S.K.: 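Mind looking over this structure? Questions follow.
Treat the numbers as computed from the prediction; the structure is a model and nothing was measured.
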Amino acid sequence: MSSKSYLKSVILKEHSKKQCDQAVTYVGASPARFSQLVDLFLSGPYRATQRAAWPLSCCVQKHPKLMEPHLTKVLNYALQPGIHDAVKRNVVRLLQFIEIPVRLRGKTATICFQFFSNKKEPIAVRVFSMTVLSRLAKNLPELKNELIPLIEDQMPYASPAFISRGSALLKELKK
């Protein structure tokens, strides 16, 4: 069995923490295996994409540099209409763990503002987007002027998770 088909079989076996951990362990710090995971994520089928999203973000959390050659493709994928919430959630989640290259900061900010400002998006997608935007604002201070009022406007109606993260980020942004 090729390593790509092994990875696909692990991902498609079931959607569980155990399977996610197995995929993450298999990929490890290997750029070649990570590329296979990205290919599986981007090429589908739908169920494979959805299930590859979680291990993808977990791999990036452990080894952020692995994402560098794939970031443009993953960001473009996140912009496609109709992608599953799990895909959005894990794409913005992994963005929290990497240094966004200067050339992709605008695109990243656009994606995150789109997700953050859409009240129909799941709370995790919105909260991760808010976190990525606040990190970007450290390098792009003009983003603070847009982000602070957006967070403040949503606080009175937000979930406890949103309020907790939003309060912490507002303190950082207002320093």
S.K.: About how many Å separate CG of Leu143 and CG of Leu136, when rounded to the nearest 0.5 Å?
M.R.: 6.5 Å
S.K.: So which heavy atom on Ser129 is nearest to which on Val92, and how close?
M.R.: OG-CG1, 3.6 Å
S.K.: Do Phe41 and His70 have ring centres separated by under 6.0 Å?
M.R.: no
S.K.: Take the angle between the ring planes of Phe116 and Phe162 and call it parallel below 30°, perpendicular above 60°, tilted in between.
M.R.: parallel
S.K.: Would you check if Trp54 and Val24 make a side-chain contact, meaning some heavy-atom pair closer than 4.5 Å?
M.R.: no
S.K.: Under a 3.5 Å distance rule, please check whether Thr25 uses its side chain to pair with a backbone N or O of Gln22 as donor and acceptor.
M.R.: no
S.K.: Before accepting this row, confirm whether a basic side-chain N of the pair Glu152/Lys174 lies closer than 4.0 Å to the acidic partner's carboxylate O.
M.R.: yes
S.K.: Does Gln19 reach the side chain of Ile11, with side-chain heavy atoms less than 4.5 Å apart?
M.R.: no
S.K.: Between the main-chain N or O of Ile98 and the side-chain N or O of Arg135, is there a donor-acceptor pair closer than 3.5 Å?
M.R.: yes
S.K.: Does the ring of Tyr26 carry Arg33 above it, NZ/CZ under 6.0 angstrom from centre and within 45° of its axis?
M.R.: yes
S.K.: Using a 6.0 Å cut-off, check whether atom NZ of Lys62 has over 12 heavy atoms from anything other than its own residue.
M.R.: no
S.K.: Using 4.0 Å as the upper bound for N to carboxylate O, is an ion pair formed by Arg51 and Glu14?
M.R.: no
S.K.: Would you check if Leu170 and Ser167 make a side-chain contact, meaning some heavy-atom pair closer than 4.5 Å?
M.R.: no
S.K.: Does Glu172 come within less than 4.0 Å of Lys144, counting only side-chain N to carboxylate O?
M.R.: no
S.K.: Between the main-chain N or O of Gln114 and the side-chain N or O of Asn118, is there a donor-acceptor pair closer than 3.5 Å?
M.R.: no
S.K.: Where do Asp85 and Glu121 come nearest, in terms of heavy atoms and distance?
M.R.: OD1-OE1, 4.2 Å
S.K.: Under 4.5 Å between any side-chain heavy atoms of Gln80 and Ile83, yes or no?
M.R.: yes
S.K.: Please round to the nearest 0.5 Å and tell me the distance separating atom CG of Leu7 and atom CG of Asp39.
M.R.: 10.0 Å
S.K.: With a 4.5 Å cut-off on side-chain heavy atoms, are Leu12 and Arg47 touching?
M.R.: yes
S.K.: Could you go through the side chain to side chain donor-acceptor pair (under 3.5 Å) check for Ser57 and Arg89 one step at a time?
M.R.: CA-CA 9 Å; Ser57 72; Arg89 179 177 61 250; over 6 Å; no
S.K.: Is a side-chain N or O of His63 found less than 3.5 angstrom from the main chain of Lys65, in a donor-acceptor match?
M.R.: no
S.K.: With a 4.5 Å limit on heavy-atom distance, are the side chains of Lys13 and Val10 in contact?
M.R.: no
S.K.: Between Ser164 (side chain only) and Ala161 (backbone N and O only), is there a donor and an acceptor less than 3.5 Å apart?
M.R.: no
S.K.: Checking Arg93 against Thr131: is there a side-chain donor and acceptor pair closer than 3.5 Å?
M.R.: no
S.K.: Looking at side-chain heavy atoms only, is the closest gap between Val91 and Phe128 below 4.5 Å?
M.R.: no
